[in-house]
Amino acid sequence: MKKLYFGSNLKMYKNIRETTDYLIRLQKLTQDLEHEKITLFIIPSYTSLDRASGITDQNQIMLGAQNMCWEEVGQFTGEISPLMLQELGIKIVELGHSERRHIFGETNEIIGQKVKAALEHGFIALLCIGETGKEKQCGISDEILRIQLKTGLSKVCEEELDKLWIAYEPVWAIGVNGLPASSDYAQEKHHVIKNILQELFGEPGKAVPVLYGGSVNLENAGGLIQQPDIDGLFVGRSAWDAEKFNQLIRDATEAVNMEVS
Ligand code: PEP
């Protein structure tokens, strides 16, 4: 079976108590999974991270931050430094989520600086990319993915690739108004992404995990994860209930196992 990745960004939805309750429950439910083959991760709000890292076994569920500044110290009101995240012992930094790009105006260049800083500080950099509905309509999705990858990864070297994950999250597929991408469409774009990674880094680029995100649910998770170029699922709403997320992980893993046997 290929190595699988399942994770969720809790956005601005759960407070400290809700996050710890959720993590305790999810840890219990997923304890028996084969953790060498299945990587789980949760990305809570900044205010919950300290408590979350105190109660979570990161060999079982890795923790991440939703954003990070590229500088270590300085006049950056409202920002969080890589050193501050290191203090918390978290493993992953999510960068370039569509809400950061489209609501907060983060550019590919800024995201590229953050990716480099995250890698230099020993974090896994989870770079999110994806085209908007308009870009899809104009038929320029592949070009957008190419620009996001080439700029976002422009400072990354081959030695850092083992700490790089990509999440393909088409903007039109995300959130309450999103429509999930079909398995075929997602596979087609993951193939494009894998080819660009190979073009940028040669053979080692092929090993970078590429996760799909955007209205993943219990019904479509199995079909998506069975696609050859989809290594994992980055889930929003359908993961915020621990029982539901546990079920989704198990159903999706089962779908991959069935395909192998
Ligand atoms: C997201 O916002 O990154 C996301 C994948 O959300 P949802 O699954 O709710 O569409």
According to a hydrophobic-cluster definition based on side-chain heavy atoms being under 4.5 Å apart (Ile, Leu, Val, Met, Phe, Trp, Tyr only), do [X] and [Y] belong together?
X	Y	result
W165	V208	no
L95	L10	yes
F6	M1	yes
I16	I80	no
I38	V210	yes

Find out whether [X] and [Y] are in side-chain contact, i.e. whether some heavy atom of one side chain is under 4.5 Å from a heavy atom of the other.
X	Y	value
N9	E94	yes
L153	L164	yes
K91	L63	no
E18	D21	no
F245	T30	no
L211	I166	no
M68	L85	yes
T19	I42	no

Exercise for the section: Taking salt bridge (charged side-chain N to carboxylate O under 4.0 Å, His left out) as the test, write out the residues that go with K11, two or more places apart. Expected result: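 In terms of salt bridge (charged side-chain N to carboxylate O under 4.0 Å, His left out), with neighbours along the sequence ignored, K11 is linked to E99.
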
Exercise for the section: For K2, enumerate each residue passing the salt bridge (charged side-chain N to carboxylate O under 4.0 Å, His left out) test, keeping only those at least two apart in sequence or located in another chain. Expected result: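 Counting only residues at least two positions away or on another chain, K2 forms no salt bridge (charged side-chain N to carboxylate O under 4.0 Å, His left out).
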
Exercise for the section: Would you please classify the geometry between the H190 ring and the Y212 ring as parallel, tilted or perpendicular, with 30° and 60° separating the classes? Expected result: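 Y212 vs H190 ring planes: tilted.
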
Practice task
Working to the nearest 0.5 Å, report the span between CG of L149 and CG of L127.
Solution key: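 Rounded to the nearest 0.5 Å, the CG-CG separation comes to 6.5 Å.
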
Taking atom types as modelled, find out whether [X] and [Y] have a side-chain donor-acceptor pair closer than 3.5 angstrom.
X	Y	result
K3	T39	yes
S45	S48	yes
Q148	N108	no
E71	S81	no
Q247	D251	yes
E131	W172	yes
K114	N67	yes
S215	R237	yes

Exercise for the section: Name all residues meeting the ring pair (Phe, Tyr, Trp, His ring centres under 6.0 Å) criterion together with Y46; count only those two or more places apart in sequence or in a different chain, and write none if there are none. Expected result: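 Y46 satisfies ring pair (Phe, Tyr, Trp, His ring centres under 6.0 Å) with no other residue.
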
Handout entry: Non-neighbouring partners of F234 that pass ring pair (Phe, Tyr, Trp, His ring centres under 6.0 Å), sequence neighbours left out
Key =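 Scan of F234 (ring pair (Phe, Tyr, Trp, His ring centres under 6.0 Å), adjacent residues dropped) gives F41.
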
Practice task
Give a yes/no verdict on a cation-pi contact between K116 and W70, requiring under 6.0 Å between NZ or CZ and the six-membered ring centre and an angle within 45° of the axis.
Solution key: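 The answer is no, since K116 fails at least one limit relative to W70.
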
Exercise for the section: Could you tell me whether K194 and D231 make a salt bridge, using a distance below 4.0 angstrom between a side-chain N and a carboxylate O? Expected result: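 So K194 pairs with D231 through a salt bridge.
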
Exercise for the section: Could you note down all residue pairs passing ring-ring contact (aromatic ring centres under 6.0 Å, His included) where residues 80-128 supplies at least one of them, sequence neighbours left out? Expected result: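 Checked against ring-ring contact (aromatic ring centres under 6.0 Å, His included) - neighbours excluded - no pair reaches residues 80-128.
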
Problem - Inter- and intrachain pairs under ring-ring contact (aromatic ring centres under 6.0 Å, His included), touching residues 8-32, at least two apart - result: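 Qualifying pairs, neighbours excluded: Y13-W240.
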
Practice task
Under the side chain to side chain contact (heavy atoms under 4.5 Å, CB included) rule, what do Q60 and L33 come out as? Steps first, then yes or no, please.
Solution key: CA-CA 9 Å; Q60 191 189 326; L33 290 176; over 6 Å; no

Tell me if a side-chain donor or acceptor on [X] pairs with a main-chain N or O of [Y] at a distance below 3.5 Å.
X	Y	result
R25	A242	no
E72	M84	no
Q58	G89	yes
Q226	A255	yes
E135	T132	yes
T56	S53	no

Problem - R51 atom CZ, over 12 foreign heavy atoms within 6.0 Å - result: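 Counting other residues, nucleotides and ligands, CZ of R51 stays at 12 neighbours or fewer.
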
Practice task
For the pair V156 and F201, evaluate side chain to side chain contact (heavy atoms under 4.5 Å, CB included) and give the outcome as yes or no after the intermediate values.
Solution key: CA-CA 9 Å; V156 176; F201 300 106; 4.2 Å; yes

